[in-house]
Number of protein chains: 2
Amino acid sequence: MQRVFEVDPWQVTTHELNPENKRLQESMTSLGNEYMGMRGMFEEQYSGDTHQGIYIGGVWFPDKTRVGWWKNGYPLYFGKAINALNYLKADIYVDGQQVDLAKNEVQDFTLSLDMQKGVLKRSFTVFGVHFDITRFVSAAQKELADVHYTLTSRDGKLHHVRYDASIDAAVKNEDANYEESFWQVLDRQNGELASYLVSQTIENPFGVPQFTVAAWQSFVGGQRIKQTSSDQAVTDQFELTVPETGSTSFEKRVIVTTSRDYADQASLVQAGDELTTTLAGQDYHSLYQAHIDEWARRWQKGDVVIEGDPEAQQGIRFNLFQLFSTYYGNDPRLNIGPKGFTGEKYGGATYWDTEAFAIPVYLGVAEPEVTKALLQYRFDQLPGAFHNAQEQGLKGALYPMVTFDGIESHNEWEITFEEIHRNATIAYAIYNYTRMTGDRSWLEGDGAQVLYNIARFWADRVHYSARKGQYMIHGVTGPNEYENNVNNNFYTNYMARWVLQYSIDQYPTIDAEQKAKLGITDEELAHWQEIADKMYLPKAEVTLNGQPTEIFEQHDTFLDKDLTPVADLDPANLPLNQHWSWDRILRSPYIKQSDTLHAIFYFPDAFTEEEKANNFDFYEPLTVHESSLSPSVHAILAADLHREEKAVEMYQRAARLDLDNYNNDTEDGLHITAMTGSWLAIVQGFAGMRVRDGHLHLAPFLPKEWTKYSFRLVFRGRVLEVSVDQTGTKVALISGEPLTIDLDGQDLHLA
Amino acid sequence: MQRVFEVDPWQVTTHELNPENKRLQESMTSLGNEYMGMRGMFEEQYSGDTHQGIYIGGVWFPDKTRVGWWKNGYPLYFGKAINALNYLKADIYVDGQQVDLAKNEVQDFTLSLDMQKGVLKRSFTVFGVHFDITRFVSAAQKELADVHYTLTSRDGKLHHVRYDASIDAAVKNEDANYEESFWQVLDRQNGELASYLVSQTIENPFGVPQFTVAAWQSFVGGQRIKQTSSDQAVTDQFELTVPETGSTSFEKRVIVTTSRDYADQASLVQAGDELTTTLAGQDYHSLYQAHIDEWARRWQKGDVVIEGDPEAQQGIRFNLFQLFSTYYGNDPRLNIGPKGFTGEKYGGATYWDTEAFAIPVYLGVAEPEVTKALLQYRFDQLPGAFHNAQEQGLKGALYPMVTFDGIESHNEWEITFEEIHRNATIAYAIYNYTRMTGDRSWLEGDGAQVLYNIARFWADRVHYSARKGQYMIHGVTGPNEYENNVNNNFYTNYMARWVLQYSIDQYPTIDAEQKAKLGITDEELAHWQEIADKMYLPKAEVTLNGQPTEIFEQHDTFLDKDLTPVADLDPANLPLNQHWSWDRILRSPYIKQSDTLHAIFYFPDAFTEEEKANNFDFYEPLTVHESSLSPSVHAILAADLHREEKAVEMYQRAARLDLDNYNNDTEDGLHITAMTGSWLAIVQGFAGMRVRDGHLHLAPFLPKEWTKYSFRLVFRGRVLEVSVDQTGTKVALISGEPLTIDLDGQDLHLA
């Protein structure tokens, strides 16, 4: 654990420049507006360890797959989000001396991410000049990034500051497979109003489109003294005079356009020109205000207030802030990468975490359209899903583990070909959207193409075991990646059966046009029903609390393992993924993240209290939670079993994962998808939020550590506010039509 | 299937220059003397597709591991045999025109590998001159490679031939991970008697020694007109006058010394100088004769004669020839790489094939010292085996899947960490040597370090399953690599149990000095006995030939698979490894090579006839034999069950694997270790050779297709000759003391 920022309800602040932890700080002070984003590196020269990164949503490169031994069907490339042109780059001189906080004598340093407003502030004094810097990536105008400076003399003297502002395309990824630069420069120009540079990703042999990204820099304040350009950069040099008293201000505005939105370079450039010109007529204050107003709207729908635990308050707001910065449903071609705009690892592509964890959050904190965009994304990627299935000789659609364009990107057979449970979660998200919003139009419309092609995949993937007279699924990896190529993973079989049954049950109401496209026959449906009826689900008897107890067996022969619980392991072995060889992990009973229990997480009403308790009691002691998404699921399960202390313990394992650097790797970037977990743990866990037959249910408890918590919740056109304190629960209707909900088993009418 | 050479008992000959199959021809005309070897590429320029390769035994490079996703314990490098300096390189001109058979008009082309003598001959006519070329790598003098030319005018005119002989260090591997050159040149000199070049492998960051390889070229005949050297080569230019009638001859002798045999560059160079000088006093004929005499000695011990089937005759001699060329026990630091000196794939390292298949051959065709050298090799690599086990948190010794220096080189977890059955085969080889030769000194001496440290590994690797009350081995890959990470692979468990029991049983006679080093306590032995007594061996009931029948289950839950036999598959699916994705292969029942049956192969007397027949009948129809080593094992098993036709069918699947290019990949090099299979199939299979309680047993049958076969056999200081024809079997004692053997269940006294 490592805390480099102070605790505060809305700020992530430090007064220390921390060179050993600079990367960590940069990850945590990332900004984004879904369209683009960046780590919190400084604009100006910093000669110590730093990781500069600016990323454009949906702009990626197919990096040739690097693998030791090829296998049929392996992807040819690994899509990765690439470090895009550095449009914040600055060289600053005070009276001829270069500002470089790694080297200068620095006073009054403050770095503060304001989560409420979505701005990053930094201030410091060097060479007698105090700098107040505000940076934001506009939530109101997607193409706009803005840095504003207020400079004040601290020593009563006049100072000359030179500010060389650049757009620099000479950037690389730290983690490129083959260490190449992904960019080439097409054009750059200095202009009266702005300088701009047009860059493009290099050619690739895979037929993946090249992306063109252009950036304009325009300014308010200062005196421009020179403009230069080189092969890979444009620069505007400014002189700023800092008076003896009072301040001077200076603003750099950046506009970014990309070929994702424009058919050709000419229109892309024209759009950037026009936007730059339009913004020139607006002052800083109006741009700033538009941005913070949008953030205010977001918090109005989705804020969570916690009293009595300042760390938890900061934690939940930080998680929501970074999640919303990464994605807010504006562009259905985009999705939520595991690190968002905060780092390079995992390539920035889409994982099943989106459907499993992010969609439930967006369903609760934002309008349905936000989630619709994420469902649309999967519909649009159906061609890729067909391809992935065909690579494995299977019918229907197989959604990928890792992707930008719908084609599988990951290249480990035990994940790529075998971790197929993800395909059921894609279907589950359609069900989840439908029951949460009451809107059946997606399920019965285009969503049917997704659902029924997934069903076709499952029907083809099972095999009939003559020995047991049942349908089975051999050779999979479940959500618990610490078991590979196992047979009859309970969760996978359960979900396959659910997909088929749900597809059968919904079929009557699917639009005729969709049915015509799908061409599902009665025989096919009958076969699906047979599979569902005869799906093998491993169960076994164990001794639990001294009693013979039936549990679901995580997969065939799981119970033959050496079942030493985690608590009996020498802690020096943990985390396992850093200490044990892979074979040792695989044959151990240790569970990386909820696997069997994940079925209960998805379908809490489909199991008896006894089943839920027995399986939790058996599997939780074997769970190491080495995926950051795991503890939150257990928090929800524990809360469901009224084990409040356990629920809180699990919540705390991930609530401040990045703020307190639990996994010791936040310097590589934040765990964006894991951030969904703390909201889910609070709302679905502590507050027991469920939707049953179109009705909202709540059964909150108050963690001992807290005096109060409250959250906004979006539900079927309403915004509710739920408050839980020591006196009990209050629910208020903030906006929308009257509604009856179930609170602790009693009807509650809201108006 | 593809045959590019004519059938002949001792020659591999073609009269066609075959540009589309040049690489194939080059693989098949490889030469070697264990110390070094080369593919059959031409010495002179050939501008068509060709794969030049000269390899020095034990000279390798640690190529940085390339893997997509790292795992704890993965090796840092993949050892690979590297293409060494091209000391045969020649540029030849006839009357100023360059000899390049890809471009010239060629007559009278012959290419012929003489297996009896171990020489490669080539002849052709271009530009009016007929070339007769003989190449050999001396079996008598390891450092010597020799190329001899006889040039004759075919048109009655005088011709001037220029021969530029080079040693060229600018060579690369085609399959380098990172496309670099592995060599640097330390020194090169032209001299009166010879020119030489000293090369060295480039530095590596792994602490693996750099190898220095030096080559001298000296000549007999011709007129030297010039000597040159460049950064990476030395050249001697010769003029040869081809008279109107008669011929002229020209010989290039190459001496190669390496740092494997000399402590420093100075002594390495001195040795090469001295050898070159010594050989200068000998004429070509004496060098040639010494070489062919050695080959005659080898055939005298190990030849196999087949009558009535010329293809089989050529096949078995080809296999033995290439095997002996790769390894003949002269250097215990060397071993048998899967491709020997014939290509780059698999890196040239040591696999468990050596113990499983090659040692049984050498035990039968050569003196015990040859096999002793292979056992010594594993003893010398104990430190590496300890390291490999420690990487996986296990005790004792774990021999690697792939290695040069004893450290594991392979980087796929399902093989590297899990295909541990190899460790039992290492122990089995000690048992096999002991029972075949009657020599217990290795087992009771240094061999004990190998055996008992392997036993320690197995004792640590098992776990106790409380549920079944037995010891189990979870998470392995058996010999059948088409199943990964399975539980309780019958073969692995059986072999683990055997290793422990054999170790316990032999313990009393182990030398006291060895026991002192091992420090095995009574408790440890008692624990091993407990494991052996309680080892879980999966068995199950199937319906075979309409009857309920018990078989050994290949691993837990194997019988839940969809058990469609191979014969019912659409042949377009085969081979599976080229058509199916990995997950599809893994969950299928198809067996790449003998797995459960491999236990019966090793211990034919430990199973009842019924067990052997039932398991063969169950597993053979599911076996795809996509490893070239597999069919021979099934040939032996079938012969043991008196299923003669099946035995012959299996024999034929691999007997001419390379000669007829069955797998369509012989252009990459020969399948050296697979070549052991045809000898084993004939001797252990058709002739039923076994050793029981120190006695040799034979129970031969004659394949219908053959009129006779005979083979020499080395057994406990004797050389026997076994002949089988339609009248029956005759056994003669060729050399050594009188001996009583068992022929078809009857004692036979040989004198």
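Lettering of chains follows the sequences in order, A, B, ..., and the numbering in each one begins at 1. The analysis underlying the following values was restricted to heavy atoms, covering all of them including side chains, and did not include hydrogens, waters or symmetry mates.
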**Prompt:** Taking the six-membered ring for Trp, are Trp413(B) and Trp69(A) ring centroids under 6.0 Å apart?
**Reply:** no
**Prompt:** If you round to the nearest 0.5 Å, how far is OH of Tyr536(B) from CG of Asp560(A)?
**Reply:** 6.5 Å
**Asked** Of the backbone (N, CA, C, O) and the side chain (C-beta and beyond), which part of Leu576(A) lies under 4.5 Å from a heavy atom of chain B, both, or neither?
**Response** backbone
**Message:** Tell me whether Lys71(A) at atom NZ has more than 12 heavy atoms from other residues, nucleotides or ligands lying less than 6.0 Å away.
**Reply:** yes
**Request:** Pull out the residues in residues 551-558 of chain B that come under 4.5 Å of chain A, heavy atom to heavy atom, sorted by number.
**Result:** Glu553(B), Asp556(B), Thr557(B)
**Message:** Between Leu559(B), Asn411(B), Asn487(B), who has the most heavy-atom pairs with chain A when the cutoff is under 4.5 Å?
**Reply:** Leu559(B)
**Interchain contact, Leu563(A) with chain B, by part (heavy-atom threshold 4.5 Å)** = neither
**Complete:** Of the listed Arg584(B), His463(B), Gln578(B), Glu483(B), the one with the largest count of heavy-atom pairs under 4.5 Å with chain A is His463(B)
**Request:** Go through the atoms of Asn577(A) and report whether side chain, backbone, both or neither lie under 4.5 Å from a heavy atom of chain B.
**Result:** backbone
**Asked** Relative to chain A, which of His579(B), Glu391(B), His410(B) shows the most heavy atom pairs under 4.5 Å?
**Response** His410(B)
**Prompt:** With a 4.5 angstrom heavy-atom cut-off, which part of Leu586(A) approaches chain B: side chain, backbone, both or neither?
**Reply:** side chain
**Message:** Return the OH to CG distance between Tyr464(A) and Asp562(B), rounded to the nearest 0.5 Å.
**Reply:** 11.5 Å
**Asked** Quick one: which residues of residues 467-479 of chain B reach chain A at under 4.5 angstrom, heavy atoms only?
**Response** Arg467(B), Lys468(B), Met472(B), His474(B)
**Asked** Distance-only, no hydrogens or angles: does the Asn485(A) side chain make a donor-acceptor pair with backbone N or O of Asn485(B) under 3.5 Å?
**Response** no
**Prompt:** Atom CD in Glu418(A), atom CH2 in Trp582(B): separation rounded to 0.5 Å?
**Reply:** 10.5 Å
